[in-house]
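Counting starts at 1 for both ligands and their atoms, in listed order.
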Amino acid sequence: MSLKPLTLWTHDSGPNAWKVAMILEELNVPYTNKFLAMPDMKKEPYESINPNGRVPAVEDPNTGITLWESGAIIEYLIETYDKQHNISFTPGSKEYYEAKQWLYYQVSGQGPYFGQAVWFSLYHPEKLPSVVDRYINEIRRVSGVLNRVLQDKEYLVGGKFSYADAAFVTWYGIIPLFADRINIETDFPFLNAWLERSKARPTIAKILQDREEAMKAK
Ligand SMILES: N[C@@H](CCC(=O)N[C@@H](CS)C(=O)NCC(=O)O)C(=O)O
């Protein structure tokens, strides 16, 4: 089957959109990145694609489907383009639901807390140390959950790398901002080993490299 390239609406640094790019790469689905600056996300023509004014969004000319919200996009891509379950699991199986559990944890528990840690550390007009502490503690808490679960396994679900693992990688790119307060290597060694394993995959490494290049080109 020859696929027409999907459009991925993205941002040079935004972790949520690069997360979707990782899934597209893993599934070998062709796509074109369309980069948006933050102010352009909040006006037409993009607002008609995503009324929430954020990235990612995808447009799939093969099915006519347009979607936003990274978790929903990942589920769509898996169900549409991973019929062999290379990075997903047989519908109805225990692993199928466990993978969803981790994806939902990522979109509700990792992304927003990690994002707020960045916002209140770098961009919020007032300095609010107790708020920064709150979100850094959340990074530590979420990382502790992953570290504990990963102490006796290589991947989150079913003994293989899946979309559930991929979903967590990009947000860990923010940790160097908090290097004085969080050391993933020493504080969360099982999490660290899992991240390194995931980042060693050629597809994941490619996307991290693409992101670095997009940030440099900005
Ligand atoms: N829940 C959304 C979050 C999307 C999101 O916050 N994206 C960031 C980039 S990583 C963004 O577009 N930020 C623009 C803004 O905050 O105005 C998802 O998972 O897709």
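Rounding to the nearest 0.5 Å gives a distance of 8.5 Å between CZ of Arg201 and CG of Asp165. Put simply, CD1 on Ile49 and OG1 on Thr7 are 8.0 Å apart, with the number rounded to the nearest 0.5 Å.
Inter-residue side-chain proximity for Tyr81 and Leu6 is flagged as met; some heavy-atom pair is nearer than 4.5 Å.
Taking a cutoff of 4.0 Å between a charged side-chain nitrogen and a carboxylate oxygen, Lys206 and Glu25 qualify as a salt bridge.
For Lys218, the NZ atom counts as loosely surrounded, since its 6.0 Å shell holds 12 or fewer non-hydrogen atoms of other residues, nucleotides or ligands.
For ligand 1, the protein residues placed under 4.0 Å by at least one non-hydrogen atom are Gly14, Pro15, Asn16, Met38, Met41, Lys42, Arg54, Val55, Pro56, Glu69, Ser70.
The main-chain N or O of Gly53 is found under 3.5 Å from a side-chain atom of Lys42 such that the two form a donor-acceptor pair.
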